[in-house]
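Just so you know, residue 1 is the first one in the sequence shown, and it goes up from there.
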Amino acid sequence: MEKNLSYFMREELKNEEIVEMAGPDSIKDENGNPVVFQIKRLRRETVDKIYDYYRTLKPALDKNKKPYVVDGKMVMKEEKDYAKALRHVMAEALVYPNLRDEKLMKFYDCIDMTEMPIKVFTQKEYAEVIKMLNHVLGIDDEDEEEQQDDLDSAKN
């Protein structure tokens, strides 16, 4: 008997839907209400590609600035710029406000979209937007705790 795979054929996982959420309380519209943000639910592979873009390999050097060599091969050191990658994910995921908008970037004198999140948002707003992104992208800490509680309950 052939197993039904249609349960795993979910359109929502193929598309990057747009979710609306109230933004930080400090950003208000003309009526005094928090501005509604639009966040694209990026696919996991999209996020992974962005993070890979900020990963570099460099020769591992000793204190004399000479490369380490083991078995005739140069030892490489991996460096990752997580902060810049996160800002890139934010710029990709935010549909409104569009941090890649030409006018907005010109207003802040930016040519690199990864600078935009730290120019457009205060530190507190930035932290709140990261929480919003984590929630929409499914990497929410609270969800992980709930999943662990569910797993613990299932074991008992």
Side-chain angles (χ1 to χ4, degrees), residues 8 10 12-27 34-35 37-156:
F8 305 100
R10 299 176 287 176
E12 68 270 15
L13 296 179
K14 287 176 57 178
N15 303 321
E16 295 180 328
E17 72 175 309
I18 296 174
V19 175
E20 292 188 345
M21 295 182 79
D25 289 335
S26 56
I27 304 174
V35 171
F37 279 44
Q38 292 178 323
I39 303 170
K40 186 188 312 178
R41 191 182 311 266
L42 300 175
R43 293 169 52 195
R44 182 77 239 174
E45 64 191 68
T46 303
V47 174
D48 288 346
K49 283 180 185 176
I50 292 170
Y51 273 88
D52 284 345
Y53 183 76
Y54 295 96
R55 182 181 74 89
T56 57
L57 291 175
K58 294 183 177 181
L61 305 176
D62 64 16
K63 57 185 167 190
N64 296 322
K65 307 260 186 218
K66 293 190 179 197
Y68 284 107
V69 177
V70 176
D71 294 331
K73 294 181 183 174
M74 189 179 322
V75 176
M76 301 301 283
K77 172 175 74 170
E78 182 178 67
E79 292 182 358
K80 296 178 182 181
D81 190 344
Y82 289 113
K84 196 166 189 176
L86 176 59
R87 294 192 309 264
H88 187 145
V89 168
M90 188 181 291
E92 283 296 323
L94 288 177
V95 176
Y96 183 80
N98 180 359
L99 300 183
R100 294 170 289 147
D101 180 80
E102 205 174 293
K103 289 179 190 173
L104 191 59
M105 290 181 75
K106 187 174 181 177
F107 178 83
Y108 285 102
D109 291 324
C110 282
I111 56 170
D112 182 356
M113 71 176 170
T114 63
E115 295 175 3
M116 290 297 290
I118 54 179
K119 299 230 181 194
V120 173
F121 304 118
T122 65
Q123 283 185 309
K124 184 178 179 191
E125 292 165 349
Y126 183 82
E128 290 178 50
V129 174
I130 288 173
K131 285 180 185 175
M132 292 167 54
L133 282 176
N134 286 344
H135 179 73
V136 170
L137 298 178
I139 48 180
D140 195 42
D141 290 339
E142 293 173 5
D143 289 345
E144 288 177 20
E145 289 174 18
E146 288 175 19
Q147 289 171 0
Q148 187 60 45
D149 289 344
D150 291 344
L151 183 60
D152 292 341
S153 297
K155 287 180 183 176
N156 296 333

Enquirer: Working to the nearest 0.5 angstrom, can you tell me the gap between Asn98 CG and Met105 CE?
Expert: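 So the CG of Asn98 and the CE of Met105 are separated by 9.5 Å.
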Enquirer: Taking atom NE2 of His88 and atom NZ of Lys49, what is their separation to the nearest 0.5 Å?
Expert: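 Answer for the NE2-NZ pair, His88 versus Lys49, is 12.0 Å.
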Enquirer: Taking atom CD of Glu92 and atom CD1 of Ile50, what is their separation to the nearest 0.5 Å?
Expert: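 Going from the CD atom of Glu92 to the CD1 atom of Ile50 covers 5.0 Å.
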Enquirer: Using 0.5 Å steps for rounding, measure from the CD atom of Glu20 to the OH atom of Tyr96.
Expert: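 So the CD of Glu20 and the OH of Tyr96 are separated by 11.0 Å.
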Enquirer: Report the relative orientation of the aromatic rings in Tyr51 and Tyr82; use parallel for angles under 30°, tilted for 30 to 60°, perpendicular for over 60°.
Expert: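 Judged by the thresholds at 30° and 60°, the geometry between Tyr51 and Tyr82 is tilted.
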Enquirer: Can you tell me how far CD of Glu17 sits from CD1 of Ile39, rounded to the nearest 0.5 angstrom?
Expert: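 It is 11.5 Å, given to the nearest 0.5 Å.
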Enquirer: For the atom pair OH (Tyr68) and CE (Met74), what is the distance rounded to the nearest 0.5 Å?
Expert: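 Going from the OH atom of Tyr68 to the CE atom of Met74 covers 13.5 Å.
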Enquirer: As a test of understanding, state which of Arg41, Lys40, Met132, His135 forms a side chain to side chain contact (heavy atoms under 4.5 Å, CB included) with Val19.
Expert: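 The passing option is Arg41.
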Enquirer: With Arg55, which residues qualify under side chain to side chain contact (heavy atoms under 4.5 Å, CB included), at least two apart?
Expert: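 In terms of side chain to side chain contact (heavy atoms under 4.5 Å, CB included), with neighbours along the sequence ignored, Arg55 is linked to Asp52, Leu57, Glu78, Lys80.
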Enquirer: Hey, does the side chain of Glu128 reach the backbone of Glu125 with a donor-acceptor pair shorter than 3.5 angstrom?
Expert: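 No: the side chain of Glu128 does not pair with the backbone of Glu125.
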Enquirer: May I ask you to say whether Asp25 pairs ionically with Lys124, meaning some side-chain N is under 4.0 Å from a carboxylate O?
Expert: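 No, this pair does not count.
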Enquirer: For a 4.5 angstrom cut-off between non-hydrogen side-chain atoms, does Val69 reach Val75?
Expert: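 No, every pair of side-chain atoms sits at 4.5 Å or beyond.
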Enquirer: May I ask you to decide if Thr114's main-chain N or O and Asp112's side chain share a donor-acceptor pair within less than 3.5 Å?
Expert: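 Side chain of Asp112 to backbone of Thr114: a pair is present.
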